[in-house]
Amino acid sequence: MTDLDYKKLGFKCGLEIHQQLETHKLFCNCPSIVHDSNPNIKIKRKLRAVAGETGKVDAAAAYEIKKDLKNVYEACSSSSCLIELDEEPPKEVNKDALDIVLQVALLLNAKPVDEIRVMRKTVVDGSNVSGFQRTMLVATDGFIETSKGKVIVDSICLEEESAKKVEKKDDYVKFRLDRLGVPLIEIATDASIKDPEHCKEVASLLGMILRSTNHVKRGIGTIRQDVNVSIKGHPRVEIKGFQDLKSIPKIILYETKREISEIKSKKKTASHVRKADPDFTTSYLRPMPGAARMYPETDVPPIPLEKELLLKIKLPELITEKVMKLEKRYNLSSQLAQELVHNEDFEKYVKTFKISPELIAKSLIEVPKEISKRFNLTTEKINNSSYEEVFKAVENKTINESAILEILTDVAKGNKIDLKKFKKVSTSGIESEIKTMVQANKKLSPNAIMGMVMAKYRGKVDGKKVMEIIKANL
Amino acid sequence: MFNLKKNIIPNTNIKITTKDSRTFEGLVLPDTTSQKVVLKLSSGYNIGILNKNIQETKSLKNQVSKKNKLPKLKTNKKLPTISILHTGGTIASKVDYETGAVLSQFSPEDIISMFPEIKGLANIDSKLVRNMWSSNMNFNHFNILAKAVEKEVKKGVDGIIVTLGTDALTYASAALSFILEGISIPVIFTASQRSSDRGSSDAFLNLYCAVKFAKEANFAGVAICMHGSSNDDYCNVLPACKTKKLHSSRRNTFQPVNTAPIAKVTTENIEFFPETHHKKRNDSKLKLKLLNPKLKLGILRFHPHFQSSMLEPIKKFDGLIIEGTGLGNGPVECVDEFTKENEKTIKTITALTKKMPVTMTTQCVFGRVNMNVYSYGRKILDSGVWGNHTDMLPETAFVKLAWLLSNYNKKEIKELYHKNLRGEISERTLYND
Ligand SMILES: [Zn+2]
């Protein structure tokens, strides 16, 4: 990535992130469940371009009501009500969603506006039944610290997710309404991102901050990144549809190179939107849309953000901070701490059992991985009570630490825990047996003798001590 | 008017620096108050900024946008002429995308610019009669509306559209249907449940179908044209006196009660329902029989735990419509130690019927009044309450009684109240799903 001098190129790059929130919908009490079950509601609507938007009479441009293009909307009563169908006015803004957005805003060092005014952003493609998307500006003027300096977060908005297009035919477009109205946070940075790697860093930082709230949706399609890229002499290009963060640097690099060659070939290009393709190149999607037409959503009263309200916002601990704390407090490797950060049981076990936190951490993170790798087993049968039983036994010293892997492998195989099988054998009790083994196999290395002892006493004896005895008798 | 820093003037551009050193540039909107500035930012978003948080303001140069003047409409002699009489905002509201304000537009040119699809249907004339919500209207407004209709009829137009808020639309449509005696052309009420500033508005299809019906249907009288379903596929033309707003928000809120729709209208064609009888276009002369705005009438609902004192103020009224339970019943019998109040209720009702018409309707919405079936119904009937065997909506009964009191003598009133004059009473209750 170092083959281009981004500063010299006049590289400008900004990021816009859309993330679905894990709450009920934004303007009604429908749950935010995106699903594929059979729809029991089907309506047909014609969405008309509202004449007068352009300020001139243009009968030809206005949608002809006789034209047969229809929007077909399918919905399930379990996830859509009259509000999604544009048959009932919206309720007030979902307070939980607003709370999450304010948390994120404060984590991004942004300042909330004094009063939120909900807007209607005109959408003509049918993906909003009403013909507009409800959106509101919540906070401005934030920033994040990155390895390459501050990046300004211009705006943080709360808006409703659109309906999903599922079919397009000559005379109709079909949408599903389950996704419509799911709360969406939109975070937009300024164009100060310095290079492709930096863009990935910013995106992953923002993603980490969003996940720190513990109230964002996870999984494919629940977060979307749009990147705006331009170099001197080339108009702004927006790239949509990144599959993952890893692809960001390469795609931006290729796009920058494409812009360089466009300039060289003296082709005239206008600002437009491109789609990120799996081979890291991009392809033309559509011209850059004009400025969004917005007008007030008069059905929803303005929301004053008083100081008292903002003081009540509880800020979550950032995932990065949590990881550092875990690392320090329990003396864990940073890799282990990172994987532990979403584990709700770790600290509970540390409190309950007087055994080493590192052992608990490894048992929770590494042991299941080892089991699935070594024995090609799934580990869903290992539950809280299996851990509790095992940790208790370690605490009471009835089993050895090394028995944990063996016992949990048994659990993964679907067997009941049989502690007797792994009952600790005191090393002094088998000392003479080890001596005999060493003498009989003088030609073998200590490790090979160790293997022989462990084949018989795996999980029952303390390996370290066994090794000491072998070495002492060699 | 505002206790504000000098340059915070609605509809001007401004740069505001806040005490937390943020800067905002945008258009000052008219919702600005003495506490806060409402600003439309260049991003399109509106926000409120508290005055106490403002550090500094600076006026910016206003970009004056050119407002295109609409070209004058030309009359096409081959097309019929339709007059649109407006009484309020929703159906003719248009967004000013600069300020975000929703404006009401009423000139024929405005209407055509908003609904270009009706241009090919007819020559459109358009007038603002009154700009108000339908629920704020009273008999005076119904009279004004009737006179406006008369004026258009005298001009010789082929049909008239009346636009109105949906809330009290059926009161107005019933009133006009009584007032406009001998109307020889269609007078079609239409409205919208989703305002016309949005692409999904029902206004487009409603107005299109109303104009189509008004110009080409062989129909004379007052009717309502609104969405027939949640889809944008057809409108129903509904009887002015037998239609109720049955849903607070859905597009197909208006449903016929105890009857079928008159016709189904699509952008392609008009289909009359065979069950309903309607007058055809004719040469009869329009005669206005206006409402007396001084009349005091009330609608009152019977319900469990009814207090007879609710009837006291009615004593000064000119007439009362009761929404009875079921077939036209109510709490009028004393049956145990807890029901003495009912005795008072029937006494007061009896006293009222001696002074004024008191009529019975049913709160069931659907079905007919029959006070002969139960003892308490018979008691009400014996007290002198009218309306037995009628199937009028309370709204229609209210308007009809007022109209009768305005135009007829005592003896005529009782007879005419029980007689079907405008399709408000059906002779037979038909089975409808
Ligand atoms: Zn809903």
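A, B, ... follow the sequence lines: proteins, then strands. Residue 1 opens every chain.
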(request) Measure distances from B:R250 to the heavy atoms of chain A and classify the residue's part below 4.5 Å as side chain, backbone, both or neither. (result) both
(request) Under 4.5 Å heavy-atom distance to chain B, tell me which part of A:D154 shows up: side chain, backbone, both or neither. (result) neither
(message) Counting only non-hydrogen atoms closer than 4.5 Å, does A:S155 touch chain B with its backbone (N, CA, C, O), its side chain (CB onward), both, or neither?
(response) neither
(message) Whether the B:S249 and A:E88 side chains hold a donor-acceptor pair (N or O, under 3.5 Å, no angle test) is what I'd like checked.
(response) no
(request) Applying side-chain contact (heavy atoms from CB on, under 4.5 Å) between A:V138 and each of A:V113, A:I185, A:I303, A:V101, report the one that passes. (result) A:V101
(message) Please classify the contact between B:D202 and chain A as side chain, backbone, both or neither, with a heavy-atom cut-off of under 4.5 Å.
(response) neither
(message) Can you tell me which portion of B:D233 sits under 4.5 Å from chain A's heavy atoms? Options are side chain, backbone, both or neither.
(response) neither
(request) Would you check if the side chain of A:Y73 reaches a backbone N or O of A:G126 as a donor-acceptor pair within less than 3.5 Å? (result) yes
(message) For A:L137, which atoms come within 4.5 Å of any heavy atom of chain B: side chain, backbone, both, or neither?
(response) both
(message) Does any part of the side chain of B:C235, heavy atoms only, come nearer than 4.5 Å to the side chain of B:N206, both counted from C-beta?
(response) yes
(message) Exactly one of A:L180, A:V129, A:I43 should register a side-chain contact (heavy atoms from CB on, under 4.5 Å) with A:L85. Which one does?
(response) A:I43
